[in-house]
Amino acid sequence: MNDRAGPELVVAPPGRAAARSGYAVALWIMLPLFLLGLAATWLVVSDPLRAFNNGAPPVERLTFERRILDDTGIHLLVRAGGSEPMTIAQVQVDDAYWTFTQNPPGDLARLATAWIHVPFPWTLGEAHAVRVVTKTGTTFDHEIPVAVRTPEAHSSQLVPQAMLGAFVGIVPVAIGLMFYPVLRGVGSQGMSFLLALTTGLLAFLFVDSLEDALELAGEAAAAFQGHVMVVLAAIVSFLLLWVIGRRRGTPTGLGLATAIALGIGLHNLGEGLAIGAAFTAGAAGLGTFLVLGFTLHNITEGIGIAAPLVKEPPPLSAFVWLALLAGAPAILGMWFGSLAYSPHWAALALAIGAGAILQVIVEVGVYLWRLDARWKTGSVPVSVIGGLMAGLSLMYATAVLVKV
């Protein structure tokens with residue numbers, strides 16, 4: 001019998017093995033980044049692209065983001081695009097060259113902004129054409145269809161804007177929620193009708209938000225890739241809210257009503273941005289009829305929020321919270337829109353709202369499918385079809401009052 005023991009198998013402690021694994025992962029993260037840095041350094045230092053330079057001027061882009069008309073003349077906020085810094089050399093107004101000042105002065109780097117101040121004596125009610133000429137001779141045109149004095153944006157307007165935002169945001173949603181006692185008297189088919197009505201309301205808001213977002217994205221600087229930004233923001237918003245909303249399973253009752261209020265609130269935030277910017281620019285005739293139209297339009301949103309609460313009555317404080325969640329963002333939107341508006345920010349807000357509304361549409365649809373057993377037989381309840389048509393028609397009819 002051989003008493004000599006064979007070679008022993010040495011096993012590294014678990015802590016040491018984990019450390020070695022961590023070092024290996026860090027190495028394989030740092031090595032590609034180091035090689036990328038070397039490649040970028042070589043590209044900058046050696047400049048191999050100069051062999052393709054045929055003397056053509058660089059591509060330049062200029063986006064007009066804001067316009068102010070006051071006693072001192074015309075003031076334009078512009079954002080530069082293109083691949084290289086650009087220089088504004090001349091400014092024409094109605095085909096005549098005018099002196100101008102630029103703040104900040106100097107070349108405009110990619111995506112940099114500057115104010116152009118032109119002491120032009122504009123005429124109330126008339127149209128004016130502004131042309132900006134760069135050092136390379138490239139021209140960019142901006143039209144002023146009707147010249148009107150721009151209202152000054154300052155802190156004293158915050159309270160009136162808050163009152164207006166509450167009137168078109170919080171008040172109508174609260175009025176819609178007050179229909180809750182009436183909604184509780186409906187049966188199962190009435191409940192299906194209300195949920196389908198909510199889906200129709202949200203479907204209209206989704207299309208409206210997406211359309212407005214894409215329109216504003218077209219006004220933003222090309223470098224922001226506005227239309228791509230809108231689609232990506234909507235998808236990310238949808239996925240994030242889907243994950244958050246599904247932490248405790250499919251939302252019902254107050255959870256579903258909160259999701260609906262959040263989606264509507266994000267939509268109202270984007271709408272508030274556009275209204276605030278238009279009001280500051282003097283381009284929105286927010287008369288009594290238009291404000292009443294906004295109010296009537298948003299009452300239907302309150303009804304949609306109340307629909308999931310029919311079977312599970314919440315405390316009274318929940319209604320206050322839902323009204324604020326859905327309506328208060330309109331106030332914030334008006335403030336930001338009047339003080340610091342940019343088309344790409346408004347487009348982003350509306351895109352996020354569109355993604356949130358789409359997520360709510362899916363949740364309401366799932367809840368509706370689970371509520372009515374007739375779906376499992378392959379038939380579509382008449383109450384659902386009627387609710388969808390009523391929701392879409394109601395939102396379209398009230399939207400006619402607020403589209404200018």
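Everything quoted here is computed from the prediction, not taken from an experiment. Hydrogens, waters and symmetry mates are skipped; everything else that's a heavy atom, side chains included, is used.
- Side-chain atoms of His128 come within 3.5 Å of backbone N or O of Thr123 as a donor-acceptor pair.
- Residues satisfying the side-chain contact (heavy atoms from CB on, under 4.5 Å) test with Ala259, not counting sequence neighbours, are Val360.
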Yes or no on side chain to side chain contact (heavy atoms under 4.5 Å, CB included) for Phe206 and Ile361, after CA distance, side-chain angles and deciding distance? CA-CA 9 Å; Phe206 170 73; Ile361 291 175; 4.2 Å; yes
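- Once rounded to the nearest 0.5 Å, the distance linking CD1 of Ile68 with CD1 of Ile74 reads 12.0 Å.
- Looking at Val130 and Ile116, their side chains never come closer than 4.5 Å, going by heavy atoms from C-beta outward.
- A distance of 5.5 Å separates CG of Leu201 from CE of Met395, quoted to the nearest 0.5 Å.
- The side-chain contact (heavy atoms from CB on, under 4.5 Å) test applied to Leu322 returns Leu177, Leu254, Ala257, Thr258, Ala261, Ile305, Leu309, not counting sequence neighbours.
- Residues that satisfy the ring pair (Phe, Tyr, Trp, His ring centres under 6.0 Å) test with Tyr180, not counting sequence neighbours, are Phe319.
- For Leu388, the side-chain contact (heavy atoms from CB on, under 4.5 Å) partners two or more places apart in sequence, or in a different chain, are Ala196, Thr199, Val384.
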Side chain to side chain contact (heavy atoms under 4.5 Å, CB included) for Ile264 and Leu202? Distances and angles first, verdict last. CA-CA 8 Å; Ile264 292 174; Leu202 294 172; 4.2 Å; yes
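- Residues satisfying the side chain to side chain donor-acceptor pair (under 3.5 Å) test with Asp71, not counting sequence neighbours, are Arg149.
- Considering only residues two or more places apart in sequence or on other chains, His142 meets the side chain to side chain donor-acceptor pair (under 3.5 Å) condition with Arg67.
- The side chain to side chain contact (heavy atoms under 4.5 Å, CB included) with Gln102 is formed by just one residue from the set Leu108, Thr87, Val91; it is Leu108.
- When all heavy atoms of Ser237 and Gly355 are compared, the pair lying nearest together is OG-C, 3.8 Å.
- You'll find the side chain of Asn103 reaches within 4.5 Å of the side chain of His117, heavy atoms only.
- In plain terms, the two heavy atoms of Ala351 and Ala213 that are nearest each other are N-CB, 4.0 Å.
- Partner of Val118 under the side chain to side chain contact (heavy atoms under 4.5 Å, CB included) criterion, chosen from Val93, Thr99, Leu76: Val93.
- Between Gly353 and Leu266 the shortest heavy-atom distance is CA-CB, 3.6 Å.
- Every residue two or more places apart in sequence or in another chain that forms a side-chain contact (heavy atoms from CB on, under 4.5 Å) with Thr134 is listed here: Glu60, Met86, Thr136, Thr138, Phe140.
- Contacts of Trp98 classified as ring pair (Phe, Tyr, Trp, His ring centres under 6.0 Å), with partners at least two apart in sequence or in another chain: Phe120.
- Counted within 6.0 Å of CZ on Arg61, heavy atoms from surrounding residues, nucleotides or ligands total 12 or fewer; the atom is thus considered open.
- Here the closest heavy-atom approach between residue Ala162 and residue Trp335 is recorded as CB-CZ2, 3.6 Å.
- Distance alone, capped at 3.5 Å, is enough to place a donor-acceptor pair between the Arg79 side chain and the Leu111 backbone.
- If you take CG on Asp212 and CG on Leu350, they are separated by 6.0 Å, rounding to the nearest 0.5 Å.
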Would you please test Asp107 and Glu84 for side chain to side chain contact (heavy atoms under 4.5 Å, CB included) and show each step? CA-CA 10 Å; Asp107 294 344; Glu84 297 182 11; over 6 Å; no
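- By the side chain to side chain donor-acceptor pair (under 3.5 Å) test, Ser393 pairs with no residue at all, sequence neighbours left out.
- With rounding to the nearest 0.5 Å, the separation of CD1 in Ile170 from CD1 in Ile175 is 12.0 Å.
- Under the rule for a salt bridge (charged side-chain N to carboxylate O under 4.0 Å, His left out), the partners of Arg131 that lie at least two apart in sequence or sit in another chain are Asp141.
- In this structure, the separation between CE on Met389 and CG on Leu394 is 13.0 Å, given to the nearest 0.5 Å.
- Applying the salt bridge (charged side-chain N to carboxylate O under 4.0 Å, His left out) rule to Asp95 yields no partners; only residues at least two apart in sequence or on another chain are considered.
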Candidate pair Leu69 and Val148, rule side chain to side chain contact (heavy atoms under 4.5 Å, CB included), full reasoning: CA-CA 7 Å; Leu69 303 181; Val148 293; 5.6 Å; no
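- Summarising the geometry of Pro329 relative to Gly265, their closest heavy-atom pair is CB-O, 3.1 Å, with the distance given to 0.1 Å.
- Residue Glu215 qualifies as open at atom CD: its count of foreign heavy atoms under 6.0 Å is 12 or below.
- Surrounding CE of Met178 are at most 12 heavy atoms belonging to other residues, nucleotides or ligands under 6.0 Å away.
- Here the CD1 atom belonging to Ile260 is positioned 11.5 Å from the CG atom belonging to Leu325, to the nearest 0.5 angstrom.
- Side chains of His75 and Asp70: a donor-acceptor N/O pair is present below 3.5 angstrom, by distance only.
- The minimum heavy-atom distance linking Pro145 with Glu143 is given by the pair CD-O, 3.4 Å.
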